[in-house]
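Notes follow the structure.
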Amino acid sequence: MGPRRTEILQKELGISTWGQLLEHYPYKYVDRSRIYHIDELQPDMPFVQLKGKILSYEEVSTGKRKKFAVAYFSDGHGVVDLVWFNGLKYIYKNYKVGEEYIVFGRPGVYNGRFRITHPDIDPASELQLSEMGMQPYYMTTEKMKNSGMQSRGMERIIKSLLERISLSSGSDVNHGVINETLPPYITGPLHLCSRDEALRWIHYPQSPDEMQRARVRLKFEELFYVQLNILRYASDQRRKYRGNIFATVGDIFNTFYHQYLPFELTGAQKRVMHEIRADMRSGRQMNRLLQGDVGSGKTLVALMSMLIALDNGYQACLMAPTEILAEQHLQTIRDFLGDMPIRVELLTGIVKGKRRTEILRALHDGSIHIVVGTHALIEDTVQFHRLGLAVIDEQHRFGVAQRAKLWSKGENPPHVLVMTATPIPRTLAMTIYGDLDVSVIDELPPGRKPIQTLHKFDTQTTSLYQGIRQQIQLGRQVYIVFPLIKESEKIDLQNLEEGFDVLKQAFPEFNLSKVHGKMKPADKEAEMQRFVKGETQILVATTVIEVGVNVPNASVMVILDAQRFGLSQLHQLRGRVGRGADQSYCILVTNYKLSTETRKRIDIMCETNDGFEIAEADLKLRGPGDLEGTQQSGMAFDLKIADIARDGQLVQMARDEAQRIIDDDPTCESPQYQLLWNRLRQLRKTNINWGAIS
Ligand code: ADP
Ligand code: MG
């Protein structure tokens with residue numbers, strides 16, 4: 001390739017080596033093995049291929065200096081119009097009347113005639129039908145197209161590259177060979193084709209079967225090295241850091257458990273406590289992800305784990321993503337602990353001055369046992385006496401780097417328990433939180449009634465207000481949520497203010513609170529408290545209430561403009577109700593114009609309360625790249641061909657295989673695995689994103 005095209009390829013796609021070019025995989029294929037007759041064409045056909053001659057050209061003028069060209073093309077069975085709106089000179093020069101061409105495109109009907117706009121054209125003599133099984137399509141950009149690197153151009157470049165490699169492989173002249181990157185003890189049992197075959201077939205499949213085999217092999221390879229990297233990292237961490245050993249479950253825990261705990265633990269809570277217990281006395285640092293749907297009782301599990309740390313002479317901290325949540329956790333923990341002699345304090349950005357100094361001092365000398373806070377906890381000024389356990393609530397807002405920062409706060413890194421109410425599908429968890437062990441609370445405390453979810457259009461306010469009024473008259477409280485998106489923050493806030501006034505007028509007999517992120521923390525807190533105490537019946541809010549807020553008496557969640565929320569967000573919001581014994585409702589209000597995707601989201605919400613089912617559906621609808629938290633979590637999804645949402649089975653296979661190898665060769669010394677370790681090192685070096693995975 002010449003220097004100009006080389007430069008464009010580098011700039012546009014970041015491709016600068018042959019290897020990278022070979023990994024620029026087609027995004028789709030079109031079966032070009034069949035040639036249609038023009039009289040077989042139907043109005044709604046996908047791409048078709050015709051073989052015939054241009055009878056004549058006509059240039060049609062459509063106003064000032066605008067014109068288009070029509071070629072009348074016939075194969076002896078009929079005539080179609082080929083139409084071009086630009087590049088006319090090139091067309092006339094290259095596609096001659098009377099010569100035989102293969103034309104490829106999507107037929108449409110215009111004025112009662114079939115036409116193909118901007119078709120692909122090749123001289124019939126140059127295309128051999130036998131070669132034309134599946135035609136690959138490559139992603140290109142405008143700049144690439146202007147330099148002859150449209151999909152067809154890319155096809156030619158890659159083809160000629162592959163031809164050279166096949167000529168040189170095996171000979172002494174090393175123009176490049178396609179090195180195998182998976183050893184036979186992996187490819188053999190799994191029946192994977194070789195890398196050489198895979199790269200040829202992915203670009204030039206002679207059949208759908210070849211294409212399929214190539215895709216499986218390349219996807220597996222990609223996922224395998226991701227897993228090998230994650231598990232390698234986790235295994236190295238484990239060998240490098242010892243964990244604090246919490247040998248005893250002592251007085252503090254037992255007193256709490258037998259005298260203060262107001263209810264029985266659920267079976268799931270007990271099981272998870274055992275898992276955490278086992279980690280904390282193992283001598284390894286615990287790195288555990290605690291998943292559980294909203295309201296499943298994670299906070300209590302966290303508290304009991306912290307009490308075990310205290311029993312062993314350590315401090316514990318609980319980090320929440322927002323001030324409101326931190327304050328609520330503080331309250332919950334103090335309520336649970338009652339008059340037990342345990343000092344629990346709050347440290348957030350709004351704790352300032354003398355109070356802050358005093359808390360920092362007490363953390364340092366160990367007189368504070370449990371501290372609850374926000375990001376403020378990981379600042380360098382915060383020094384613990386002996387931090388033994390860090391609980392992180394709602395992980396998706398804390399990055400890997402922040403998690404790691406906690407480690408510098410003790411001689412040994414503290415045990416880490418990450419709690420998330422955003423259920424993550426297994427395959428995704430294996431990839432983003434691949435270094436964490438996973439515990440799941442899959443059981444709600446007894447006596448909860450499933451929330452009923454209903455969909456209403458924004459024109460149905462009368463019945464909506466009626467429902468709200470009825471519930472309040474029964475003594476319940478109601479959330480009404482307005483969307484607030486960063487990009488349209490101003491308009492959204494205005495909507496909320498206006499909406500608040502409308503609601504005040506609609507419910508003159510009730511008291512309303514209003515909360516949004518732009519309010520001063522103190523005002524926000526005061527408004528929240530009014531609702532928590534039951535002084536107000538309706539809380540009008542933005543998504544600041546999304547996580548954690550706990551008002552068991554609130555039984556209705558109204559989400560306005562629900563079409564603007566993602567599935568997991570809707571589910572989180574819904575989780576704010578259904579916390580008491582009453583039947584709860586979630587009302588999703590949307591406008592009439594719903595896209596198919598929105599429709600699906602609403603339907604799923606109305607059909608199920610199961611967070612995992614919702615998370616799976618979310619992953620499939622949106623793809624992992626968009627999933628909340630995947631950006632911050634440190635795993636940039638840079639997969640070229642595998643799709644975590646759809647290739648779950650391959651993720652599992654790759655994980656198992658990688659685990660087997662790590663177990664077999666924990667220190668990377670066995671000669672038979674050198675190929676893998678070398679390749680991993682190479683990938684870590686060349687692909688920046690790999691380093692970020694943990
Ligand atoms: P999560 O943090 O998982 O969303 P919480 O810890 O806030 O859930 O628990 C939700 C509510 O259920 C709280 O009021 C809590 O006190 C209560 N709860 C927790 N565990 C139990 C249990 N085993 N039995 C009854 N209620 C429970
Ligand atoms: Mg919670």
Side-chain angles (χ1 to χ4, degrees), residues 253 256-276 288-307 316 318-322 324-338 344 370 372 391-398 417-424 438-451 476-477 479 528 531-534 543 545-555 557 568-582 584 586 609-612 614-615:
F253 181 94
F256 174 76
Y257 191 71
H258 296 295
Q259 294 169 30
Y260 287 77
L261 184 62
F263 35 64
E264 263 290 289
L265 292 183
T266 62
Q269 282 171 321
K270 284 185 188 155
R271 191 188 65 236
V272 168
M273 277 313 297
H274 278 124
E275 289 166 358
I276 292 171
R288 189 166 281 279
L289 178 70
L290 175 57
Q291 289 193 30
D293 221 335
V294 278
S296 59
K298 295 183 294 295
T299 316
L300 182 59
V301 167
L303 173 60
M304 292 174 48
S305 308
M306 293 197 277
L307 297 184
L318 170 61
M319 263 204 308
T322 65
I324 291 189
L325 263 176
E327 282 161 32
Q328 208 165 24
H329 276 314
L330 177 79
Q331 201 49 52
T332 307
I333 290 177
R334 283 189 173 158
D335 288 350
F336 267 128
L337 294 178
V344 189
I370 294 176
V372 181
V391 180
I392 305 177
D393 192 9
E394 306 298 346
Q395 144 83 22
H396 54 278
R397 288 152 208 231
F398 286 107
L417 182 66
V418 176
M419 303 195 286
T420 175
T422 312
I424 300 156
V438 178
S439 288
V440 181
I441 306 188
D442 48 7
E443 183 186 352
L444 293 179
R448 301 269 173 86
K449 292 199 181 72
I451 303 162
R476 320 260 194 278
Q477 289 165 284
Y479 295 105
M528 280 303 295
F531 187 68
V532 171
K533 287 188 189 131
T543 42
I545 59 157
E546 185 184 336
V547 270
V549 170
N550 191 12
V551 182
N553 190 47
S555 70
M557 167 63 65
S568 65
Q569 227 179 351
L570 289 174
H571 181 65
Q572 287 290 310
L573 284 168
R574 179 169 62 183
R576 298 303 104 215
V577 296
R579 305 188 143 229
D582 311 312
S584 297
C586 172
N609 276 308
D610 182 330
F612 280 92
I614 288 170

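Only this structure's heavy atoms are used, side chains among them; waters, hydrogens and symmetry mates stay out. Just so it is clear, the model here is predicted, and its values are computed rather than measured. We're numbering straight along the sequence, starting at 1. We count ligands from 1, going down the list as the structure has it; atoms in each ligand are counted the same way.
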Quick look: Asp293 vs ligand 1, heavy-atom contacts under 4.0 Å, and the answer is backbone
A student checking ligand 1 against Glu264 at a 4.0 Å heavy-atom cut-off should list atoms 22 (C), 23 (N), 24 (N)
Quick one, Leu444 and Thr266 - any side-chain contact, counting heavy atoms below 4.5 Å?
no
With heavy atoms and a 4.0 Å threshold, my read on which part of Gln269 contacts ligand 1 is side chain
Checking heavy atoms under 4.0 Å, the part of Arg576 that sits near ligand 1 is neither
Among Arg579, Lys298, Gln328, the residue with a heavy atom nearest to atom 7 (O) of ligand 1 is Arg579
Fill in: Pair Arg574 + Asp293: basic N to acidic O under 4.0 Å
no
- request: Before signing off on this row, confirm whether Phe336 and ligand 1 have an N or O atom pair separated by under 3.5 Å.
  value: no
*Mind checking whether Tyr479 and Phe531 have parallel, tilted or perpendicular rings, split at 30° and 60°?*
tilted
TODO: For Gly292 and ligand 1, answer yes if some heavy atom of the residue is under 4.0 Å from a ligand atom, otherwise no.
DONE: no
Counting from 1 in the order shown, the ligand 1 atoms closer than 4.0 Å to a non-hydrogen atom of Thr299 are 2 (O), 5 (P), 6 (O), 7 (O)
4.5 Å side-chain heavy-atom contact, Leu265 and Met304
yes
Ligand 1 to Gly297, heavy atom cutoff 4.0 Å, flagged ligand atoms 1 (P), 3 (O), 5 (P), 6 (O), 8 (O), 9 (O), 19 (C)
Going by the 4.0 angstrom heavy-atom rule, the piece of Leu265 near ligand 1 is backbone
Among Gln291, Gln572, Met419, Arg448, closest by heavy atom to atom 12 (O) of ligand 1 is Arg448
- Are Met273 and Ser305 side-chain neighbours, meaning at least one heavy-atom pair lies under 4.5 Å? yes
Rounded to the nearest 0.5 Å, the CD atom of Gln291 sits from the NZ atom of Lys298 at a distance of 9.5 Å
### Task
Give a yes or no on whether the backbone of Ile276 and the side-chain of Arg288 come within a donor-acceptor separation of less than 3.5 Å.
no
One finds that the ligand 1 atoms under 4.0 Å from a non-hydrogen atom of Thr266 are 23 (N)
* So, the side chain of Arg271 versus the backbone of Val440: is there a donor-acceptor pair under 3.5 Å, distance only? -> yes
